[in-house]
There are 2 protein chains.
Amino acid sequence: MFKELNPLLHSELRLAVMSVLLSVESADFVYLREQTGATAGNLSVQLDKLQKAGYITIEKGFKGKMPRTTCAITQDGVAAFEEYVAALRSYIGKGI
Amino acid sequence: MFKELNPLLHSELRLAVMSVLLSVESADFVYLREQTGATAGNLSVQLDKLQKAGYITIEKGFKGKMPRTTCAITQDGVAAFEEYVAALRSYIGKGI
DNA sequence: ATAAAGTAGTTTATAATATAAACCAAATAT
DNA sequence: ATATTTGGTTTATATTATAAACTACTTTAT
């Protein structure tokens, strides 16, 4: 009847992050914070979870002298997102 | 950019309950438990929250000698569900 | 008639999650 | 020099979800 909703994606902030990363090749921490409106602390924690799940990659480097964290979605991430959307359909119908 | 996801509806079980109630005039506790696969305890708690939010009505009566709890979605509930679905679109795109 | 098992739930304790506040290190501005 | 800003992380707290334990009653078996 109802498909399971991947709990890693069924989170407002993590879903927003994935949504942003789907539409760009990569995005840095600050951009993600701006786009999602999240606090830095919350974003840091949620990015970590997405990385541990293998849904995104996180690269740390420097832009000039300033630290810079760059994120990108992985193939697994894309697949998980698509599955999540498909699962949602079982709750929502085609009305979305 | 991203619309807020009503936290009362952004819960797997509560969303499933609302989804069931949208498609029927009313449903009793046992039917909801069967359709959602939830434990009775969890269902009891979540129904309470939906009722307190005004999204469903809960009527307690008897079928013969056995207690019977009947639930139905309210107009507010329908509206909230539709808004939730609309908000989801901002994360999901038209891909759903 | 009584005991055992089942039904329909509620309450409560615990685990998981989300979130913000507090913190840190380095860079830049005054 | 020191104050402020930037780019984060860590950690403490509040919220949420969930199952386990319980209540109250009914049905069935003995």
Side-chain angles (χ1 to χ4, degrees), chain A residues 2-21 26-53 55-72 80 84 87 91, chain B residues 2-21 26-53 55-72 80 84 87 91:
Chain A
F2 295 108
K3 290 182 191 160
E4 222 190 297
L5 295 173
N6 182 339
L8 243 135
L9 294 184
H10 195 61
S11 140
E12 186 157 15
L13 180 49
R14 288 194 300 269
L15 195 63
V17 166
M18 294 292 279
S19 179
V20 170
L21 290 182
S26 71
D28 63 27
F29 190 94
V30 172
Y31 181 75
L32 287 173
R33 184 163 51 64
E34 284 166 357
Q35 292 298 306
T36 61
T39 60
N42 194 11
L43 182 58
S44 178
V45 171
Q46 306 310 328
L47 288 180
D48 225 56
K49 289 184 186 176
L50 289 173
Q51 182 193 33
K52 271 168 188 154
Y55 293 170
I56 68 171
T57 57
I58 301 183
E59 273 186 50
K60 276 154 192 314
F62 288 87
K63 184 181 192 175
K65 294 176 175 176
M66 296 295 274
R68 184 174 115 252
T69 298
T70 309
C71 305
Y84 174 77
Y91 297 80
Chain B
F2 296 108
K3 288 180 191 161
E4 224 191 296
L5 294 174
N6 182 338
L8 242 136
L9 294 184
H10 195 61
S11 136
E12 186 157 15
L13 180 47
R14 290 195 299 270
L15 194 64
V17 166
M18 294 292 279
S19 179
V20 170
L21 291 181
S26 71
D28 63 26
F29 190 94
V30 173
Y31 181 75
L32 287 173
R33 184 162 52 64
E34 285 166 355
Q35 293 297 307
T36 61
T39 60
N42 194 9
L43 182 57
S44 179
V45 170
Q46 306 310 328
L47 288 179
D48 226 57
K49 288 183 187 177
L50 288 172
Q51 181 193 32
K52 270 167 189 154
Y55 294 169
I56 67 170
T57 58
I58 300 183
E59 274 186 49
K60 275 150 193 316
F62 288 87
K63 185 182 192 175
K65 293 176 175 177
M66 296 295 272
R68 185 175 116 253
T69 299
T70 309
C71 305
Y84 174 76
Y91 296 81

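Values reported hereafter were calculated over all heavy atoms of this structure, with side chains retained and with hydrogens, waters and symmetry mates removed.
- Residue B:Asp48 contributes atom CG, which lies 13 Å from atom P of C:dT12 at whole-angstrom precision.
- Across the protein-nucleic acid pair, A:Leu5 atom CG and D:dT18 atom P stand 11 Å apart, rounded to whole Å.
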Worked verdict on B:Val30 versus B:Arg68 for side chain to side chain contact (heavy atoms under 4.5 Å, CB included): CA-CA 9 Å; B:Val30 173; B:Arg68 185 175 116 253; over 6 Å; no
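- Expressed to the nearest 0.5 Å, how far OG1 of A:Thr57 lies from CD of A:Gln51 amounts to 8.0 Å.
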Verdict with reasoning, A:Tyr31 to A:Val20, per side chain to side chain contact (heavy atoms under 4.5 Å, CB included): CA-CA 10 Å; A:Tyr31 181 75; A:Val20 170; 3.8 Å; yes
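- Put simply, CG on B:Leu5 and CG on A:Leu15 are 7.0 Å apart, with the number rounded to the nearest 0.5 Å.
- Atom CZ in B:Arg68 sits roughly 9 Å away from atom P in C:dG9 (whole-Å rounding).
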When the side chains of residues 39-48 of chain B are checked against the rest of the protein, which donor-acceptor pairs come out under 3.5 Å, sequence neighbours left out?
| unit_1 | atom_1 | unit_2 | atom_2 | d |
| --- | --- | --- | --- | --- |
| B:Thr39 | OG1 | B:Asn42 | N | 3.3 |
| B:Asn42 | OD1 | B:Gln46 | NE2 | 3.1 |
| B:Gln46 | OE1 | B:Arg14 | NH1 | 2.5 |
| B:Asp48 | OD2 | B:Lys52 | NZ | 2.9 |

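- What separates CG of B:Leu47 from P of D:dA17 is a distance of 13 Å, to the nearest Å.
- The salt bridge (charged side-chain N to carboxylate O under 4.0 Å, His left out) test applied to B:Asp28 returns no partner, not counting sequence neighbours.
- At the phosphate of C:dT17, neither OP1 nor OP2 sits under 4.0 Å from any side-chain N or O atom of A:Arg14.
- No engagement by A:Lys63 is indicated, since no non-hydrogen atom pair under 4.0 Å with the nucleic acid exists.
- The side chain of B:Ser44 places no N or O atom within less than 4.0 Å of a non-bridging phosphate oxygen (OP1 or OP2) of C:dG9.
- Computed from coordinates, the A:Glu34 CD to D:dG7 P distance equals 9 Å when rounded to whole Å.
- In this structure, A:Leu50 atom CG and C:dA18 atom P are separated by 10 Å, rounded to whole Å.
- Side-chain atoms of A:Val30 lie closest to D:dG7 of the nucleotides D:dG7, C:dG9, C:dA18.
- When the P atom of D:dT15 is taken as reference, atom CD of A:Glu12 falls 17 Å away, rounded to whole Å.
- Rounded to whole angstrom, the span from the CD atom of A:Glu4 across to the P atom of D:dA17 amounts to 15 Å.
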Nucleic acid footprint by protein, nucleotides 20-30 of chain C - heavy-atom cut-off 4.0 Å, B for base, S for sugar-phosphate alone: BB-----S---
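- Without hydrogens or angle criteria, A:Tyr91 side chain to A:Lys3 main chain gives a donor-acceptor distance under 3.5 Å.
- Within 4.0 Å of B:Lys49, counting heavy atoms only, lie sugar-phosphate atoms of the nucleic acid but no base atom.
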